[in-house]
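Okay, structure first, notes after.
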Amino acid sequence: MAKKKTLPRKPLTGERLKNQIFNVIGNPFNMIVFFTLIILFCLIIIPLLNMLQNSFMVAKAELRQIPGAKIGDYTLYYWKYLLASPLTKTVFVEPLIHSLIIGFFVTIISVPIGSVMAWLMVRSDIPGKKILSAFILIPYMIPSWCKALSWLSVFRNELSGSYGLLTGLGIPVPDWLAYGPFAIIIVMCMHYYAFSYIMVSGSLRSINSELEEMAEIQGANRIQILSNITLPLVLPAVLSATIMTISKSIGTYGVAANLGNRIGYYVLATRMKDFINDSPKGVGYAMSLLMIALAAVTILVNQKLIGTRKSYATIGGKGTRSNLMHLGKSKYPLLIFLLLFLFVAMFLPLFVLVMESFQIVPGRGYGWDNLTLYAWIGEVSNAPSPGLAFQNGLFKNSEFGRACWNTAKLSIIGSVITAICGQFLGYITTRGRGKWYGNAVEQMIFIPYLMPGVAFSAIYFSMFSQPRLGGLIPSLYGTFMLVLLASIVKHFPFASRSGSANMMQISVELEEAGIIAGASFWRRIVSIIIPLAKGGFLSGFLLTFISIAKELDLIAILMTPANYTLSFLSFDYSKEAMPQVADAICIVIIVFILVCNRIANRLGGDVSKSM
């Protein structure tokens with residue numbers, strides 16, 4: 001058989017190289033990819049490397065502790081302080097153990113609860129499913145730190161300076177119940193069960209119930225069907241929810257700060273913030289890097305177990321069909337379980353927050369003589385009790401007005417920019433799927449997802465706390481711009497995921513038709529892509545808007561009084577023994593979030609995308 005002749009390659013002359021470069025530069029898509037890679041590198045990789053560098057460099061505040069050192073010298077002082085000093089047990093080992101304990105118990109409690117509720121909503125004949133499924137996700141939309149304030153409203157004792165409901169009724173509340181690990185775990189479980197509920201319910205909807213029916217025909221009972229058929233098929237979703245719950249609960253700041261700091265129960269996130277806000281900051285940076293590494297390990301374990309993508313095949317071939325399993329006598333006991341859970345996770349926290357916002361003295365009950373509108377519309381000159389004579393009510397409080405403006409400004413600007421960037425990032429990753437630039441963009445976008453919010457903000461604090469490169473990179477600490485920048489970049493993974501899902505629905509054939517018709521790249525973007533992506537952009541915008549509006553962990557380190565948002569103002573008032581005003585702000589935030597979520601749902605948004 002004759003060998004196939006190959007044409008000789010043309011030599012790479014200067015003129016040919018110049019033409020190839022101009023072809024690349026002249027393609028707008030190539031230039032978008034090029035500048036996207038540069039921007040992502042500057043916004044994600046460089047700040048991370050800068051914080052790593054700062055953990056090995058002497059700062060001015062530590063010159064006395066490091067004899068003979070100069071500012072900027074290389075040092076292992078911060079890492080030794082954290083990992084090999086007499087204070088290691090207090091500043092690192094104990095917070096690490098506390099974080100792991102919380103992550104472990106939150107996971108083993110919330111994942112089974114969410115999975116069981118998903119099965120009941122998708123595969124059982126439990127009554128009232130339509131209204132129950134609508135209510136089950138509402139507790140997730142209530143910020144976890146608001147639930148922590150609600151817990152304090154019920155269980156707060158004399159240690160906080162004001163009584164909670166039970167202490168006010170004369171029922172003694174021990175410290176272990178009011179604060180510490182038990183309180184933190186319960187509050188987080190009432191929030192993070194949503195991860196497993198969303199993931200497992202999505203998996204269950206893709207499973208053809210004919211498999212379970214065949215097992216039932218063969219004589220298998222319900223336990224055998226669940227353990228041998230249903231559970232193996234949803235196991236990837238359960239594992240993914242487990243890893244995500246561990247990662248999120250270990251890195252959460254707001255709940256641990258509200259319920260742990262009062263008795264000296266610190267986790268990694270609260271210890272890290274103390275170091276960064278005070279000193280030595282380098283120890284805080286080192287701890288932040290360890291938190292990022294811990295979160296990265298959990299995510300990588302998840303990817304090893306179920307693959308790099310969060311989608312997986314359960315059934316192939318024919319379309320799926322879902323028949324409901326009859327619960328029989330267990331139907332109403334399970335319904336009662338669901339109603340009790342929703343009462344504890346949703347109705348009770350809201351009721352307690354609302355009622356305490358109207359109390360004159362917290363803990364004295366809900367009698368008419370202890371109710372007032374002061375926390376909402378009162379003035380200091382007419383304060384009904386000395387405990388309220390520090391601030392005007394919300395709607396006459398300049399701090400509240402400024403926090404509303406900051407929250408609206410941050411949420412609107414941040415979500416618009418993030419949603420636009422998300423569509424472009426989604427366009428690049430979908431059109432570049434399987435190519436080096438698509439993979440590079442996808443991997444860089446994924447980095448902020450690995451980081452707990454408080455650790456991510458530490459990166460930007462480190463980068464912009466002082467001028468760099470001779471003033472080319474300015475100091476942004478204390479400015480709105482720094483909070484905005486951190487909020488945008490942190491939400492890139494979620495916006496990109498929404499954009500990718502949107503762009504995958506737009507066939508490449510439409511763009512190819514535009515090319516045949518002679519339309520330029522920007523004409524195709526304006527006339528084809530943008531009109532078709534409009535719905536996805538709006539829902540992505542609203543979901544990012546909700547996430548930024550309720551954020552506390554991400555902004556806690558970056559806050560200064562001029563930039564307080566509603567969430568941080570509420571957190572600050574709760575520390576100053578002003579629970580009525582803190583609760584009133586929580587209610588405003590919750591109502592705002594629920595309204596925005598309703599609008600997002602009307603536009604096709606999905607709360608699971610804001611995870």
I'd like to know if the side chain of E399 and the backbone of G401 have a donor-acceptor N/O pair within less than 3.5 Å.
no
Any donor and acceptor pair, going by atom type alone, linking the side chain of S249 with main-chain N or O of I246 inside 3.5 Å?
yes
Nearest-0.5 Å distance that lies between atom CD1 in I108 and atom CZ in F104
4.0 Å
Decide yes or no for F400 and V581: does some side-chain heavy atom of the first lie under 4.5 Å from some side-chain heavy atom of the second?
no
Interatomic spacing from OG in S415 to CD1 in I546 - rounded to 0.5 Å:
10.0 Å
Side-chain touch V416/F541, heavy atoms, less than 4.5 angstrom
yes
Would you check if D553 and P452 make a side-chain contact, meaning some heavy-atom pair closer than 4.5 Å?
no
Residues that K490 engages under side chain to side chain donor-acceptor pair (under 3.5 Å), provided they are two or more places apart
none
Correct closest heavy-atom pair for L558 and S457 would be CD2-O, 3.7 Å
Rounding to 0.5 Å, atoms NZ (K409) and OG (S411) come to a distance of 11.5 Å
Test your reading of the model: is there a side-chain donor-acceptor pair from R123 to the backbone of L204, 3.5 Å cut-off?
yes
Apply the test side chain to side chain contact (heavy atoms under 4.5 Å, CB included) to residues M291 and I250: give CA-CA distance (whole Å), side-chain angles for both, the deciding distance (0.1 Å), then the verdict.
CA-CA 9 Å; M291 286 184 66; I250 287 176; 5.6 Å; no
Can any side-chain N or O of S570 pair as donor or acceptor with the backbone N or O of A582 at less than 3.5 Å?
yes
Does the N406 side chain pair with the main chain of T565, one donor and one acceptor, at a distance under 3.5 Å?
no
Check this for me: Y366, atom OH, are more than 12 non-hydrogen atoms of other residues, nucleotides or ligands nearer than 6.0 Å?
yes
Mind checking whether Q580 and P362 have side chains closer than 4.5 Å, heavy atoms only?
yes
Do you know the tightest heavy-atom contact between A183 and A178?
CB-O, 3.8 Å
Using the rule given for side chain to side chain contact (heavy atoms under 4.5 Å, CB included), can you reason through L554 versus E551, listing the C-alpha separation, both sets of side-chain angles and the distance that settles it, and then say yes or no?
CA-CA 6 Å; L554 178 64; E551 187 62 68; 3.4 Å; yes
So if I apply the side chain to side chain contact (heavy atoms under 4.5 Å, CB included) rule between Y374 and each of V380, N382, I360, which one comes out positive?
V380
Would you say L552 and P143 make side-chain contact, with heavy atoms under 4.5 Å?
no
Do you see a donor-acceptor pair shorter than 3.5 Å between the side chains of S567 and W145?
no
Under the criterion side chain to side chain contact (heavy atoms under 4.5 Å, CB included), which of V173, T167, L259, D175 is the partner of F155?
V173
When you look at I113 and C189, which way does the side chain to side chain contact (heavy atoms under 4.5 Å, CB included) test go after all the steps?
CA-CA 9 Å; I113 289 176; C189 286; 5.7 Å; no
Taking all non-hydrogen atoms of both residues, which atom of I555 and which atom of S487 are closest, and how far apart?
CG2-OG, 4.5 Å
So, Q359 side chain and G365 main chain: donor-acceptor pair closer than 3.5 Å or not?
yes
Looking at every non-hydrogen atom in both residues, tell me the closest pair between Y265 and P181 and how far apart they are.
OH-CB, 3.4 Å
Look at the side chain of N157 and the backbone N and O of Y163, then say whether any donor-acceptor pair between them is shorter than 3.5 Å.
no
Kindly give the heavy-atom pair with the smallest separation between G114 and S196, and that separation in Å.
CA-OG, 3.2 Å
Is the closest side-chain heavy-atom distance between L566 and F592 below 4.5 Å?
no
Over 60° means perpendicular and under 30° means parallel, so tell me whether F395 and W376 are parallel, tilted or perpendicular.
parallel
Report yes if the side chains of P579 and R156 come closer than 4.5 Å at any heavy-atom pair, otherwise no.
yes
Residue R402 excluded, over 12 heavy atoms near CZ under 6.0 Å:
yes
Answer yes if the ring centres of Y564 and F568 are under 6.0 angstrom apart, and no otherwise.
yes
Assess whether side chain to side chain donor-acceptor pair (under 3.5 Å) is satisfied between S144 and Y192, documenting all intermediate values.
CA-CA 9 Å; S144 58; Y192 289 124; 4.7 Å; no
Is it the case that over 12 heavy atoms from other parts of the model lie below 6.0 angstrom from the CZ atom of F341?
yes
For Y193 and Y197, run ring pair (Phe, Tyr, Trp, His ring centres under 6.0 Å): C-alpha distance rounded to whole Å, both residues' side-chain angles, the deciding distance at 0.1 Å, then the answer.
CA-CA 6 Å; Y193 76 90; Y197 174 80; 7.2 Å; no
For the side chain of K550 and the backbone of F545, is there at least one donor-acceptor N/O pair under 3.5 Å apart?
no
Apply side chain to side chain contact (heavy atoms under 4.5 Å, CB included) to the pair N258 and I184, showing each step before the final yes or no.
CA-CA 9 Å; N258 267 313; I184 294 171; over 6 Å; no
Is the number of heavy atoms from other residues, nucleotides or ligands under 6.0 Å of I131 CD1 greater than 12?
no
Separation between CD1 of I557 and CZ of F456, rounded to the nearest 0.5 Å:
12.0 Å
Hey, is the main chain of V267 close enough, under 3.5 Å, to the side chain of S99 for a donor-acceptor pair?
no
Could you tell me which residues satisfy side chain to side chain contact (heavy atoms under 4.5 Å, CB included) with V595, sequence neighbours excluded, listed by chain and number?
V591, I599
Hey, what do you get for CD1 (I590) to CD1 (I585), rounding to the nearest 0.5 Å?
12.0 Å
Among side-chain atoms of E356 and S153, is any donor-acceptor pair under 3.5 angstrom?
yes
Using 0.5 Å steps for rounding, measure from the CG atom of N261 to the NZ atom of K273.
9.0 Å
Closest approach of L353 to C146 (non-hydrogen atoms, all atoms of both residues)
CD1-O, 4.0 Å
Do any N or O atoms from the side chain of R271 and from the backbone of Y266 form a donor-acceptor pair under 3.5 angstrom?
no
Would you check if V255 and K147 make a side-chain contact, meaning some heavy-atom pair closer than 4.5 Å?
no
